[in-house]
2 protein chains.
Amino acid sequence: MAKQNTVFKDAFNRCLTLLSETSALPSEPELGQALGVSRTTVRAILSRCEEVKLISWDKRQKIVLRRPEPSDYFPTEETDSLAERIERSFMRRILAGGAEPGMQINELELAREIGTGTTSVREFLIRFSRFGLIEKRPNSHWVLKGFTREFALELTEVREMFELRSAARFVSLPENDPAWAELKQIEALHRDILADIDNRYREFSELDERFHLLVHKSSSNRFIVDFYDIIAIVFHYHYQWNKSNARERNARALEEHLAYIAALQSHDPKQAEQACRRHLKSARETLLQSIP
Amino acid sequence: MAKQNTVFKDAFNRCLTLLSETSALPSEPELGQALGVSRTTVRAILSRCEEVKLISWDKRQKIVLRRPEPSDYFPTEETDSLAERIERSFMRRILAGGAEPGMQINELELAREIGTGTTSVREFLIRFSRFGLIEKRPNSHWVLKGFTREFALELTEVREMFELRSAARFVSLPENDPAWAELKQIEALHRDILADIDNRYREFSELDERFHLLVHKSSSNRFIVDFYDIIAIVFHYHYQWNKSNARERNARALEEHLAYIAALQSHDPKQAEQACRRHLKSARETLLQSIP
DNA sequence: AGTTTGTCTTTTATCTACAATAGACAGATT
DNA sequence: AATCTGTCTATTGTAGATAAAAGACAAACT
C-alpha cells in the first residue's frame with residue numbers, strides 16, 4: 001500500500017452525516033469546502049455514494065435516494081490517520097507502560113508492533129522529539145528520557161513563565177477582541193459542568209485545554225502558542241491513563257479556573273497574576289503527585 | 001545510493017590528522033572512541049589506510065608508513081552529512097534569497113534542486129518546522145512564514161525571558177561549578193579578540209553562541225536549552241548573509257559581553273539582570289535593523 | 001459573469017529495498 | 001583477567017516507486 005485512504009474514508013463518513021439531513025447534495029467545490037477535502041476526494045466520495053445507491057448522481061444533480069445506515073459507514077479504526085495511530089501506540093508505551101528512562105527506542109521494532117513502515121514511525125519520532133521526551137543518537141537508536149519528575153518540573157517552569165506573560169497580555173486586550181466573547185463562553189461551560197459535576201467531570205480535560213490555549217494565544221507569540229502543544233499532549237495522555245481522584249481534581253480545577261477567569265475579566269493585572277499563579281501552582285502539584 | 005558514507009569519509013579525514021602525529025595507531029576500540037564512530041567504521045578506515053599504503057596493518061600492529069598528503073583527504077564537500085547540505089541550501093533560499101512570506105514550499109522541487117531523495121528533504125522540513133518559520137498544510141504543501149519582523153520580535157521576546165531566568169540561575173551556581181571556569185575561558189577569548197579586533201572580528205559569531213549557550217545551560221531546563229537552537233540557527237545564518245558593519249557590531253557586542261560576564265561574576269542578581277537586559281536590548285535592535 | 005464539471009498533472013504519504021553504520025559475541029592475544 | 005580482533009547480525013539513513021490526494025485548466029452550464 002502506498003498511501004492510506006483515510007482522508008477519503010473519514011470524509012465519506014462525515015458526508016453521510018450531511019446526507020442524512022438533506023434531499024440533495026450541493027456542488028462539488030461546496031462539498032469539498034464543507035468536508036475540508038479537495039475535489040478529487042469529493043468525487044471519490046460521490047462515486048462511492050452512487051455505487052452503494054445512496055444517491056443518484058448526474059452532473060449537478062445529486063439526489064439522495066435513501067438514508068444512510070450504520071453499515072454504510074467505514075469503521076472508525078479505518079478513519080484514523082496513520083500518524084494518530086502511531087502517536088497513540090507510542091504514548092501508551094511511554095506513559096502507561098513501565099517504560100524506564102534510558103530505554104532504547106527501536107524504529108524497526110516500533111514499526112512492526114504498530115504494523116506500519118519505518119518511514120512513518122521515523123517521521124513521528126522526529127516530530128515528537130521536540131517534546132523533550134526522547135533524544136536521537138545519530139546513526140543509532142533513540143533514547144527515552146522518560147516522563148520523570150525533572151521533566152514535569154522543567155515543563156511547568158516554562159509553562160508558568162509563558163502563561164503569566166500571556167495572562168498579563170490578556171487583561172490588556174481591547175474590549176472588542178473576540179477573546180473576551182470566547183472567555184464568556186468558556187466561563188458558562190465551566191458553570192454548566194460544575195452544576196452537574198458527578199456526571200460531567202470527564203468533560204473538564206477538553207475544556208481545560210480550550211481555556212489555557214485561549215490564554216496562551218493572547219500572547220501573539222508563535223513560540224508560546226506552539227509550546228502549549230507540549231503541555232496539552234502531556235496532560236491529555238497523562239490523565240487518560242491516570243484517573244485517580246479525577247472527579248475531585250477536576251472540580252477543584254474548575255473552581256480555580258472560575259476565579260482565574262474573573263480575575264482576567266477584572267482587567268486588573270495584579271489580580272490576574274495572582275489567580276494565574278494560584279492555579280498554576282496547584283496544577284503543578286497535581287501533576288507531580290501523580291508521578292512516582 | 002542507499003546511504004551516504006559521509007561518516008566514514010569524515011572520520012577518515014580526522015584519522016589522517018591523528019596519523020600525522022604518531023608512528024603507530026592504537027587499538028580499534030580506542031580509535032573508535034577518539035573518532036566517535038563504531039568499530040565497523042574504524043575497520044573501514046584502517047582498510048583504506050592500508051590500501052593507500054599509509055599504514056601497514058596486521059591485527060594489533062598498525063604502523064604508520066608515511067605522512068598523509070593533501071590528496072589523501074576526501075574533499076570537504078563529501079564529508080558533510082546530507083542533513084547539513086539540505087539545511088544550508090534551505091537556509092540560503094529563505095534568508096538570503098528573496099523568499100516571500102506565504103510562499104509555498106515544494107518537497108519534490110527542493111529535493112531535485114539539492115539533488116537528494118524526497119525522504120530526506122521531508123524529514124528536514126519536519127525537524128525544521130519547530131523553528132516556527134514554516135508550517136505544514138496536511139496532505140499538501142508547506143508554507144513559508146518568512147523571516148519577518150514579527151518573527152524576530154517573537155523570537156527575541158522568548159529569548160529575553162529565558163536568558164534573564166538563566167542569568168539569574170547562573171549567579172547562584174556554587175563556586176565549584178564548571179560553568180565558572182568555562183566563563184573565565186570565554187572572558188579571556190573576548191579580550192583576545194578585542195585586542196586584535198580588525199583581524200579577528202569574524203570569530204565573534206562562534207564565541208557568541210558559546211557564551212549564550214553556557215548561560216542558557218545553567219537554567220537546567222531542557223526547553224530553555226533546546227530553544228537556544230532556534231536563536232543560534234537564526235543568528236548564525238542571518239549574519240552569514242548580512243555582513244554590513246560586522247566589525248563595529250561585533251566590537252560593541254564583545255564589550256557588552258564583557259560587562260555582562262563581569263556582572264555574572266559579581267554574583268549579584270541585580271547587576272546581572274541589568275547587564276543582561278542591556279545586552280539583549282541591543283542585540284534585538286541590531287537584529288531588527290537588519291530586517292527590511 | 002461566475003460557477004461547475006471533466007480531465008489531466010503534480011505533489012504528498014507511505015512502503016520497500018539496500019548500503020552504511022552500529023553493535024554483539026566468541027575466540028585470540030597480551 | 002582484561003582487552004582486542006574477526007565475524008556476524010540488526011538497525012539506521014536514503015533512494016525509488018506507487019496509490020491517494022490536491023490542484024490546474026478549459027469546456028460546459030446556469
#### Entry: Pair Arg67(A) + Asp72(A), salt bridge at N-O below 4.0 Å
no

### Message
Output the rounded distance in Å from CZ (Phe12(B)) to P (dA20(C)).
### Response
16 Å

### Query
Atom CG of Asp80(B) and atom P of dT14(D): how far apart are they, to the nearest Å?
13 Å

### Message
From CG of Asn106(B) over to C1' of dT10(C), roughly how many Å is that when rounded to an integer?
### Response
8 Å

### Summary
DNA chain D nearest-nucleotide lookup for Thr116(B) and Glu28(B): closer to the 5′ end is Glu28(B)

### Message
Does dA21(D) have its OP1 or OP2 closer than 4.0 Å to a side-chain nitrogen or oxygen of Lys9(A)?
### Response
no

### Query
The side chain of Ala2(A) lies closest to which of these nucleotides: dT18(D), dT16(C), dT11(D)?
dT18(D)

### Message
Quick check: do Thr6(B) and Asp80(B) have side-chain heavy atoms less than 4.5 Å from each other?
### Response
no

### Message
Whether Ser27(A) contacts dT4(C) is assessed here as follows: a side-chain N or O lying under 4.0 Å from the phosphate OP1 or OP2. Is that the case?
### Response
yes

### Query
For the side chain of Val7(A), counting heavy atoms from C-beta on, which of dA22(D), dC15(C), dT12(C) is nearest?
dA22(D)

### Message
Rounding to an integer number of Å, can you tell me how far Arg85(B) CZ sits from dG13(D) C1'?
### Response
13 Å

### Query
Can any side-chain N or O of Glu206(B) pair as donor or acceptor with the backbone N or O of Glu203(B) at less than 3.5 Å?
no

### Query
Rounded to whole angstroms, how far apart are CG on Leu82(B) and P on dT21(C)?
13 Å

### Task
Give the nucleotide from the list dT12(C), dA15(D), dA22(C) with an atom nearest to the side chain of Asn139(A).
dA22(C)

### Task
For Arg137(A), report the nucleic acid contact type (base, sugar-phosphate, nothing); a contact means any heavy atom under 4.0 Å.
nothing

### Message
side-chain hydrogen bond (donor to acceptor under 3.5 Å, both in side chains), that's the test. Do Glu87(B) and Tyr237(B) meet it? Break it down for me.
### Response
CA-CA 10 Å; Glu87(B) 183 186 297; Tyr237(B) 284 105; 2.6 Å; yes

### Under 3.5 Å: donor-acceptor pair, side chain of Arg222(A), backbone of Gly132(B)
yes

### Message
Any side-chain N or O of Thr40(B) below 4.0 angstrom from OP1/OP2 of dT21(C)?
### Response
no

### Task
Look at the side chain of Leu108(A) and decide which nucleotide, out of dT11(D), dA22(D), dA15(D), has an atom nearest to it.
dT11(D)

### Task
Report yes or no: is the cationic atom of Arg159(B) (NZ for Lys, CZ for Arg) under 6.0 Å from the centre of the six-membered ring of Phe227(B), at an angle within 45° of the ring normal?
no

### Query
Leu31(B) has an atom CG; how far is it from atom P of dT3(D), in whole Å?
17 Å

## Note on the structure
Per atom distances to the Lys3(B) side chain, the nearest of dA22(D), dA19(C), dT4(C) is dA19(C)

### Task
With the side chain of Pro29(B) defined as its heavy atoms from C-beta on, choose the nearest nucleotide among dA21(D), dC4(D), dT7(C).
dC4(D)

### Message
Would you say Lys136(A) places a side-chain N or O within less than 4.0 Å of OP1 or OP2 belonging to dG13(D)?
### Response
yes

### Message
Among dT5(C), dT16(C), dG23(D), which nucleotide has an atom closest to any side-chain atom of Thr118(A)?
### Response
dT16(C)

### Query
Of the nucleotides dT14(C), dA19(C), dT30(D), which has the atom closest to the Glu123(A) side chain?
dT14(C)

### Spacing of Leu46(B) atom CG relative to dT7(D) atom P, expressed in whole Å
15 Å

### Query
Has Asn5(A) got a side-chain N or O lying under 4.0 Å from the OP1 or OP2 atom of dA13(C)?
no

### Summary
To the nearest angstrom, the CZ-P distance between Phe124(A) and dA13(C) comes to 16 Å

### Task
Measure distances between side-chain N and O atoms of Lys59(A) and base N and O atoms of dT5(C), and say whether any donor-acceptor pair falls under 3.5 Å.
no

### Position toward the 5' end of DNA chain D (nearest nucleotide), Ser120(B) or Ile105(A)
Ile105(A)

### Nearest-nucleotide 5' precedence on DNA chain C, Asp58(A) against Gln4(A)
Asp58(A)

### Message
Pick the closest DNA chain C nucleotide for Thr6(B) and for Trp142(B) by heavy atoms, then say which residue is nearer the 5' end.
### Response
Trp142(B)

### Summary
Side-chain atoms of Arg122(A) come closest, of dG6(C), dG13(D), dG23(C), to dG13(D)

### Task
Report yes if the side chains of Ile134(B) and Phe90(B) come closer than 4.5 Å at any heavy-atom pair, otherwise no.
yes

### Message
Determine whether a donor-acceptor pair (one donor, one acceptor, N or O, separation below 3.5 Å) exists between the side chain of Thr41(A) and the base of dA21(D).
### Response
no

### Task
Among the candidates dG23(D), dC4(D), dT14(C), find the nucleotide nearest to the side-chain atoms of Ser140(B).
dG23(D)

